[in-house]
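Numbered from 1 within each chain, the chains take letters A, B, ... in sequence-line order. All values below come from the heavy atoms of this structure, side chains included, with hydrogens, waters and symmetry mates left out.
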Amino acid sequence: MIEAFLTNYNYFITIFLMSAGLYIVVARGNMVKKLVGVALFQSSVYLLYLSPAKILGGTPPILAEGFDVYANPLPHVLILTAIVVGVATLALGLALVVRINEAYGTIEEDEIFAEGEDLQNDAKTPRVEGEL
Amino acid sequence: MSTAALDASFNLIQQLPALQVVLPMLGSVITAMVRKGAIAWFVALAVSWSMPFVAVVLLHEVLVHGTISYAMGGWEPPLGIEYRVDAANAYVLVIVSLIGAVVMPYAKRVVDADIAQENQAWFYTMYLLCLCGLLGIVITGDAFNAFVFLEISSLATYAMIAMGRDRRALVAAYQYLIMGTVGATLYVIGVGILYVMTGTLNFADLVDRLQTVENQRPVLAALSFITVGLSLKVALFPLHKWLPNAYAYAPSMATVFLASTATKVAIYLLVRFYYSIYGPNIELSGYSAGLVLVVLSLLAMFISSFVACFQQNVERMLAYSSVAQIGYITLGISFGSKLGLTGGLVHLVNHAFMKGALFMCTGAIMLRLGSVKLDDLAGIGRRMPITMAAFTLAGLSLIGVPGTVGFVSKWYLARAAFDAGQGWLVFAIMASSLLAVVYIGRIIEVAYLREPNNITDEFAKDPPLSMMIPTGILVIACFYFGINAELTAVTAERAADAFFAYFGAAGQ
Amino acid sequence: MAETLINTILLTLLALTTIGVVRTRNLFSVVILAGIYSFLIASVMMVLDAVDVAMTEASVGAGISTVLLLSVLYLTKTHESVPIRTPLLPLFVAFGVGAMLIYGTVDLPPFGSAEQPINQHVGPDYLERSIPDTKVPNVVTTVLASYRGFDTLGETAVVFTAGIGVLMLLRRRKKKQDDEGGED
Amino acid sequence: MRLDVILRVITKLLLPFMVMFAFYVHFHGEFSPGGGFQAGVIIAAAVVFHALMFGLYPTQRMLPPWVVEMLVPLGVFIYVVVGIVTMMLGENFLGYNPLHPTKPYYGQERGIIWIEVGVLVTVASTMVAIFYAFAGRGRKP
Amino acid sequence: MMDLNGLLLFTILLPLVGALGMALFGRYPNIREGITLTTAIILLLQVINIYDYLMAGRAPEAGPFEVLPGLAIHFAVEPLGMLFALIASTLWIINSIYSIGYMRGNDESRQTQFYICFAVSLFGVMGIAFAANLFTLFLFYEVLTLATYPLVAHKANEEAKKGARLYLMLLLCTSMGLLLPAIVWTNALAGTMDFTPGGILEGNASPLVMTVLMVLFMFGIGKAALMPIHFWLPAAMVAPTPVSALLHAVAVVKAGVFTVVKVIVYIFGIDVLAANGAGDWLLYAAGFTVLVASLVAVRQDNLKKRLAYSTVSQLSYVILAAAILTPISAIGAALHIAAHAVSKITLFFAAGSIYTAAHKTEISQLNGIGWKMPITMTAFAVGAISMIGLPPTAGFLGKWFMLSSAVSADKWLAVWVIVLSTLLNTAYFLPIIYRAFLLKPDVTGDHGEAPLPILIAISATATGTVLLFLFPGVAFDLAERMVGR
């Protein structure tokens, strides 16, 4: 029983991290916090890919004499890409946050929508100046 | 090495699949290096105009010689990344690249108006990257590669939207970024589970190995993750929240381009998974997904159209109508029959035509009046006659008046509904298109039957030719393919066949 | 067994850090916790024999991301206010996804076994062919740069896109060119 | 102030080694963990380090923004060009074998080195550019 | 027969070409209206030309032009359509003359738009008349709907907008919500949509399905104004008189009943319906409409409103006749289409000329107006008599055939309906004539006759009403050919 639990421990933690990240994304109104949540959510996916690649008693996939059991390299590559994508998204998101902060003076979604800034109606709003 | 050797060794036709994606990427790099808006525009134009030729040749090759498989880096498929072109994605490639080609000439003026001087070149870079990403998603035969290009197009999209003239564009872009990233990540989770279960990422390979997987539960979970993830990108009904703001506040050019391509590509990928990859194990995907999809599509068709009727901002109105139209497409897909899928695919291209035209018109109005609020449109029917005429015609086709592409789509969907023994759906389809009458009618009435106000009097006049001609082309397409739908319909049928035949094609 | 043990411990720490991130409202501590989180996950990756990934995660997750986040906090504000909406929907979403994942993953192959499909089907081919094909012992590099080189091109393009995007949004303009955007 | 001086001196001494380490990580990537991406990040880190020590302006004098903005696309450009060259040589896109007339695996090695250079350039310059952008945002003119 | 196909296509497209011309010369009223008239005249000549070919047994045909596999635009000439085309093209000339007088007399705004939309509607009419399958019919049916919307909204004030909105929504809702599904269903059942004598549904659909389809069709064809979807007709009364004439006499409602007859004759097939009784309910629906509409008409004081309701009831005559399901009754229906066209247009012209000359809209204001506007009111009297159905006017023919067929088919309900409604017609037309000629004029306003073009037009139609009774040859011929005698 405990054995079965341990064998799937990685997956359980992965799932926990995902749920937590997603929770932050949906529940929090602070834009930076949201982005952190997204980052958590994404990085939890890394484990989902990497855990199966591990072979107990194996070594990293760098070929050398004396080793014959190597971890599966493919997931590593995929996750390398995923990490890069993640940080790229984060950077863009943060840039948006900075601009929003300059345009609205806040990074709390609640406040932005509270200040009559519902995206629905088309009340005339000052344009975003290039030099903000 | 000598040019003779080059000619000997370099076979263009063979390399087309790669070029389809590499050229836009190269173009984006060049536009980013020359920092002059005008030159960048020219580069983008050249690339965008070369794309349709590539796509059409590919489509022709496929229709004549069958599926093309292109091994990236020369590594045979399961090992390397494969570009697999069949009628289905060649069809979508043609749509996307054609729209890109039509949009480009239009872009010059609106970008000059919307985007700050020193950002224009970069804006075209973003556009080209977005194009590259979309084409990459469509053409690839590898689940993870699709994700990478999905991200390219998404990031470029966020940046483009954020360039909108209104500060709300920033918030819209941010919200889209969050939802889009979550969607993409969910997709990756799904792919990950699939990969763990089958050990491969190649579509064709997946099809084969999914047969051998005896424990189906994770596979189902994977499908549901992929569905939800992509639905976020498709803006399928309850997950459409990001779309109206994004379209309403993005720069006109971005709106035109995205409205007629982005969601389509996501739909293609979804269909690819449902029909091609899970298709053979249809007892999996067909179990209740069809029903769910029908319900969601109907909700989209009605609720979104209904909401559209109450919008004051015309671009928001059209955006909501886009959500509704996506409902039509998914409805066609949900029948699970060839006729339905064909209907969905036909509407894919038809909707691209009409929404493209409509948003081009609103873009022109935005250019002249700096606003697309309904009340500001009073009486422009006589101040911008050609623009509003185009708008009216495209609107008619959105309503689905016979003789327009909209009718062709509805006809297919209706026939598919009858063949699926669900005649009642026909009434639903027609009823929701009557809602389109309401919201298009509102605009027409204001534009033609109200007296123009002083702003309109002063500024409203038809946009330059460079914008009217592309609009005209799309409008003409709306009617030509409504009177003679042979081309679109037959191609769409072949595409539908291809979706179903993927399993068979996977072997060879 | 030792590997499993370390693995387990690290993962537990991860979970705890995450809880910290969720609960903290001071954004500085959130960022720091996120950095710790990245280091932990990097070390988990070490345990999982994904050295390249670990290196990248350490430099990117703990390095760049933290720097970016801190600079943004410097530009904006450091404390998060309490959201007004009820956390019911978020909880539902989170648990829904979690449940779906559990449903999907309990039947995944057991951890660390060599018999599962991914260690049978494509993966081994890379290990066998890397040397004869390319004479490069680091298989990750081979796959990254050659077998799936096109993914890497895409990845580079993503970085490129993000870079230009950020520049478009944040780069200061020369005073002389004023933007003509808007109504004309 | 003295502490400051010490820091700067140390930095000056340290930076070359950071860059060297970066290149080690890069070119040794075939035999040990690491590659263009990690190397790029390290180089970027070195620049950021410099900026933190000496302030943004000196760094930008050393490495002007427009250069960085040129380098960002350059990396991708190199990468794509490698692919196109392989096309010209009759192989598929990014098929490195023909890069060496006789021995395909040398071709592979060359190809890998070159595209890694591309990755390095883009990653490093992008990171620096982003850092510049954020840092430049701080000072209200 | 390439030349013949060319002829047919040219005839159908002619109004569109005219519309283009008007758009080009919109700035010069005289040229513009010259174009209108010439187009109308050429059109009539063309139609007569086609008529000769039809009589010579060489019915021209154009297409099919395939839109999709199994969905084609296809034109062919058949007697009923020929009749409709003849009526429409003839009345267009007269109506154009009248419009010129009217529009200039009340110097209306946006006249170019008016003439263009008018021409486009004629294009729609020609398409409907010569449609060879349901899809083509539907296509031009919608063209007609959309082209008439701007005409109804022409005055562009709130009332006009409201009326136009109701007009458009009602017609589109019915056509898209009921008619189109019916068409798709028919296609799904029969695999074809061509109009074929004897119908296409026999053997493909159970009586129940046929009944459902019948309901969809009959209420789907909103232009036929079968109660309770008749509201759009009174609502559309806000339009200028020439438009009302177009709606009531030339094009729209005619298109409606024409479609009804076509569907009953060529899709269901008279004999089939008579056999399985899928259409029996129609008799009651039509009868109900006839009587109720007449009753409502009696209680209207606004002249045009009264005429509108009279139209509703007269239309249901045609439907009633068709629903009797005997060849004779079908002939009666065809003849009544023609008769109602000429007489109703006369009545509307009269109303219009009263409005133009005296600016009066209510019946209670018309005391003694007959002596001030003798020509107008005489014409009005002729039209009214024809509507009541007394010789020597065209109205008599149609009613006669209906009555006799109803008797011979012993559909006594129909007989009673016709008799009763005739009385009601008398009840709402006679008082007007009585007021106009026998009551002494009230002092308000001193005015003479309407402008000359109006008078020409109105006398022309009035004479036509009588002539159609004296020489019904053409109409009769066509009607008989329709039922294949």
Side-chain angles (χ1 to χ4, degrees), chain A residues 6-7 9-11 13 15-20 22-24 26-30 32-33 36 39-40 43 50-52 54-56 58-64 70-74 76-77 79-81 83-85 87-88 90-92 94-99 101 107-108 110 127 130-131, chain C residues 3 8 11 15 18 22 27 30 34 41 45 48-53 56-57 60 64-65 68 72 75-76 80-81 83-84 87 90 93-94 97-98 101-102 105 110-112 114 116 118-119 122-123 126-127 131 137-140 143-144 148 151 155 158-159 162 165-166 169-170 173 179 182:
Chain A
L6 278 184
T7 49
Y9 191 66
N10 288 52
Y11 293 129
I13 293 298
I15 293 166
F16 173 75
L17 300 184
M18 281 183 191
S19 313
L22 206 54
Y23 174 81
I24 298 177
V26 190
R28 291 296 185 253
N30 180 297
V32 176
K33 187 73 173 275
V36 175
L40 254 61
S43 52
L50 291 178
S51 308
K54 164 76 175 171
I55 299 175
L56 286 172
T59 62
I62 297 172
L63 305 173
Y70 297 103
N72 184 344
L74 182 51
H76 298 184
V77 176
I79 291 315
L80 274 176
T81 312
I83 292 176
V84 178
V85 170
V87 69
L90 182 69
L92 197 60
L94 288 173
L96 277 169
V97 171
V98 172
R99 282 294 295 276
N101 184 53
I107 55 170
E108 297 288 338
D110 300 341
R127 290 199 37 217
E131 278 68 19
Chain C
E3 281 175 323
T8 318
L11 288 169
T18 318
V22 176
L27 291 176
V30 169
I41 213 164
M45 289 166 175
L48 294 178
D49 294 341
V51 276
D52 292 76
V53 189
T56 318
E57 175 65 19
V60 169
I64 294 174
S65 308
L68 289 180
V72 168
L75 292 175
T76 58
E80 171 194 8
S81 58
I84 48 181
V93 173
V97 173
L101 272 162
I102 293 175
T105 48
F111 171 67
Q116 47 186 325
I118 69 166
N119 298 336
V122 179
Y126 292 127
L127 294 167
I131 291 294
N138 182 352
V139 187
V140 174
V143 180
L144 182 89
R148 292 186 73 88
D151 263 353
E155 160 193 338
V158 169
V159 177
V166 173
L169 282 164
L170 295 187
R173 284 76 182 260
D179 91 35

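Residues forming a salt bridge (Lys or Arg N to Asp or Glu O under 4.0 Å) with A/Lys33 (at least two apart in sequence, or on another chain): C/Glu80. By the side chain to side chain contact (heavy atoms under 4.5 Å, CB included) test, C/Ala34 is found to be paired with A/Val36, residues two or more places apart in sequence or in another chain being considered.
With a threshold of 4.5 angstrom between heavy atoms, C/Leu11 approaches chain A through its backbone and through its side chain. Only the side chain of C/Val30 comes within less than 4.5 Å of a heavy atom in chain A; its backbone stays farther off. Residue contact with chain A, scored on non-hydrogen atoms closer than 4.5 Å, involves the backbone and the side chain of C/Val143 alike. Using a 4.5 Å cut-off between heavy atoms, A/Ile13 touches chain C through its side chain atoms alone. Only the backbone of A/Thr59 comes within contact range of chain C, with at least one heavy atom under 4.5 Å from a heavy atom of that chain. For a residue to count as touching a neighbouring chain, one of its non-hydrogen atoms must lie under 4.5 Å from one of that chain's; by this rule C/Leu68 touches chain A with backbone and side chain alike. When heavy atoms are compared at a cutoff of 4.5 Å, C/Leu48 approaches chain A by way of both its backbone and its side chain.
Counting heavy atoms from C-beta outward, C/Val72 and A/Ile107 have side chains that stay 4.5 Å or more apart. Within the 4.5 Å cutoff, the side chain of C/Val53 has heavy atoms near those of the A/Leu50 side chain. The closest side-chain heavy-atom distance from C/Val166 to A/Leu92 is below 4.5 Å.
Using modelled atom types, one side-chain atom of A/Arg99 and one backbone atom of C/Leu169 make a donor-acceptor pair closer than 3.5 Å.
Rounding to the nearest 0.5 Å gives a distance of 8.0 Å between CD1 of A/Ile24 and OG1 of C/Thr18. A distance of 7.0 Å separates CG of C/Asp49 from NE2 of A/His76, quoted to the nearest 0.5 Å. The CD atom of A/Glu108 sits 9.5 Å away from the OG1 atom of C/Thr76 when rounded to the nearest 0.5 Å.
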